[in-house]
Structures are given as structure tokens and as C-alpha cells.
Amino acid sequence: MRTDTAQMMHHETTSTPASNLASRLFHRSPAKAREALYGYLFLAPWALGIVIFLLGPVLASLFFSMTEYNVLKPPRFVGLANYQRALFGDDLFWPSLGRTFRFALMTVPISITGSLLLATLLNQGLPGTNTYRTAFFLPHVTPTVATAILFQWLFHPALGPVNLILGLLGIDGPGWLTDASWALPTLALVSLWGSIGGNQMLIFLAGLQGVPDQLYESAELDGANEVRKFVHITLPMISPTIFFNVILGIIGALKVFAMAFIATKGGPNFATWFYALHIYRHAFEYFEMGYSSCLAWLFAVILFGFTFIQVRFSRHWVYYVGE
């Protein structure tokens, strides 16, 4: 009798209304249910932040994309008129999209290849490796505005050091950022300066350090040279890392905005009028919030489509150790 009474008193002292409610909701013991309830309580601020600051604006932009909205007046529902205008009535929609893809084709393959080569070099354990890592990574952490202003000066057609040096060599330098035929390649060059030694290099370096040394030792016993080891061991083993960097690189290249906005304003003659700049101009200069939301959703669909295609085709060349 005393034992039953003690157990009842212990149950009453350890059970609370909140734990009883949680136990009924989660079909667990009071202690496990109380632990789960506390977990959800600590998770609540983050979940609310996602709903309020991410999911809410995303759904709002989807609604605004089907309205005519200029901030000053209430939105007026127009259905799919904005999408029809973007696809068939906007003279800058397709050119800006094509220009953005050309920029990605210029930068992504070179940045992936250069980052991999740099990471391979830094993975050799040579003297001064930490110093080289810092030097290669510094351009990546330089603010975009400072980079744009610096290269505006370096590539100035009349006063820039680049053309002055070319002039000393007897070469007539181009207009770089002020020339419609050179502006896009110049921005691609500036982008590569900041990306090759950045996060992609660090991700590749982490992937290279995860390749087992036993594989290289076995290959050496079979007479494989450095090139064969790199092609037949290193590349297959870090293929998931390559795939990850390719996805991030394509998304980052297609979102190019700040460099063109600061350095060229989309010019000259719309030569650097990228898709993200097109969205920005309609939103914050023309105050066509509805139409800019439509452009943003079309861009999101394009990015999702490219990522989906890459994931589907990755199974043919990406090797996962666990499979």
C-alpha cells in the first residue's frame, strides 16, 4: 500500500499539465513528451522567423506577381498578364536572360577548374601553404563595391594602369568597361579574380583531404603516375564535391548583380544588363513591384529547372562512396 502511494505521489510530482497534454499529443511517456514539448518550444522562434520573414514574403511575392502594384496604390489583380508581358512583350527580358547565361558560361567552367587546381596545389603540404591560402582567399572577402571601384580605375581606358602598361608595350588597349564588346568579358574577368580562390577552393580542399591515402599508395604500386592518379582516383573521389560546386557556381553566376550595378549600371548599350539588374530596375526605379515579382518567380523556376536537370544527370558521373 505504501509502495502504491509513493508511486502515485512520485507520478504527481513529476507530471505537469503541460507534460500530460504533450503525452496525449505525442503518445509518449510523460518524460519523453515533456522533452519533445521543450524541443518544440525552443524551435518555435526559428519556425516563426521562417514563416514571417521567408515563407510569408515568398507567398506575398507570388500574389503580387499576378497584380499591378506600384506601392503607392493598392494592388490590382491582373492574373497572368505580367507573365505574358515578360515572355512576349518585354524587349529586355530574353536579351537579359541570354546575357546572364553567357556570363555563366564564361565564368563557371574557368572558376571550377581554377579552384580545383589551386586546391590541389595547396593540398601538397608545401612550405608557406597557409600564407598562400590567405593570399588566394583575400580577393573573395573584398567587398564587391570596393572591387568594382578598384577595377573601374584599373581598366579606365585613358587613365587606368592596365592600358598604360599596354601602351608601353605598343598595344592599343580596349575600352574595357566602357566598350560594349568588352564590358561583359571584363566583368567575367573581375568575377573570376574574386571567385577562383574563394569558397569553391576551400570546398575542394576539404574534399581532397578526404581522399584516403591508401588509394594513392595502391596506385603507385601499380605504376600509376601523378596524372593517372589524379584522373582515376582524385576526380572520382571528389566528384560529389565537384557537383556541389558546379550547382553553387551556376546559381551564383546567374544571380550576378552587384558588380554590374556598381561598375557599369547595365551598360554600355545594355551590354551588361543582366537579369537580376532587370528585376531591380523594375522594382526600385520603375516601382513596378507586381511585374518585378513576376520576373523573380520566372527566375526561380529557371534556377529550379537547371538544378533539377543537374541532379538528374549527376547519377551518371557522380560517385558516392556509400553506394
Transitive ILVMFWY side-chain link L248 to I112, under 4.5 Å: no
Linked hydrophobic residues, L118 as query - side chain contacts closer than 4.5 Å: I110, L122, Y132, F136, F137, L138, V141, L192, I196, M201, L202, L205
Qualifying residues under ring pair (Phe, Tyr, Trp, His ring centres under 6.0 Å), relative to F306, sequence neighbours excluded: F101
Between S65 and Y291: side-chain donor-acceptor atoms closer than 3.5 Å: no
Results of ring pair (Phe, Tyr, Trp, His ring centres under 6.0 Å) for F155 - residues two or more places apart only: F151, W176
Shortest non-hydrogen separation from G249 to Q200 and the atoms involved: CA-NE2, 3.7 Å
Nearest atoms (heavy-atom pairs only) where A86 meets L298: CB-CD1, 3.7 Å
Nearest atoms (heavy-atom pairs only) where G125 meets T129: C-OG1, 3.8 Å
Results of ring pair (Phe, Tyr, Trp, His ring centres under 6.0 Å) for Y286 - residues two or more places apart only: H282
Salt bridge (charged side-chain N to carboxylate O under 4.0 Å, His left out) partners of residues 270-284, not counting sequence neighbours, each pair once: R281-E285
Residue pairs involving residues 230-255 (criterion salt bridge (charged side-chain N to carboxylate O under 4.0 Å, His left out); sequence neighbours excluded): none
Pairs satisfying salt bridge (charged side-chain N to carboxylate O under 4.0 Å, His left out), at least one member in residues 61-89, at least two apart: E68-R76, R85-E288
Results of side-chain hydrogen bond (donor to acceptor under 3.5 Å, both in side chains) for H140 - residues two or more places apart only: N199
Other residues, nucleotides, ligands: >12 heavy atoms within 6.0 Å of N225 CG: yes
Ignoring hydrogens and angles, write down the donor-acceptor pairs under 3.5 Å from the side chains of residues 265-277, residues two or more places apart or on other chains.
residue, atom, partner, partner atom, Å
K265, NZ, F261, O, 3.4
T272, OG1, T264, OG1, 2.6
T272, OG1, G266, O, 3.4
T272, OG1, G267, N, 3.4
T272, OG1, G267, O, 2.6
W273, NE1, H278, ND1, 3.0
Y275, OH, L295, O, 2.7

Pairs flagged by ring-ring contact (aromatic ring centres under 6.0 Å, His included) wherever residues 47-77 is involved - sequence neighbours left out: F64-Y69
By salt bridge (charged side-chain N to carboxylate O under 4.0 Å, His left out) - contacts of E226 (at least two apart): K229
Closest heavy-atom pair and its distance - F93, L87: CE2-CD2, 3.9 Å
Other residues, nucleotides, ligands: >12 heavy atoms within 6.0 Å of E35 CD: no
Pairwise side-chain contact, N123 with Q209, heavy-atom cut-off 4.5 Å (strictly under): yes
Shortest non-hydrogen contact from P236 toward I233: CD-O, 3.4 Å
side-chain hydrogen bond (donor to acceptor under 3.5 Å, both in side chains) partners for N70, two or more places apart: none
Derivation of the side-chain contact (heavy atoms from CB on, under 4.5 Å) call for L97 and I302: CA-CA 10 Å; L97 192 60; I302 292 171; 3.8 Å; yes
Whether over 12 other heavy atoms sit under 6.0 Å from D222 CG: yes
Residues, nucleotides or ligands: over 12 heavy atoms within 6.0 Å of Q84 CD: no
S61 versus W297, side-chain donor and acceptor atoms under 3.5 Å: yes
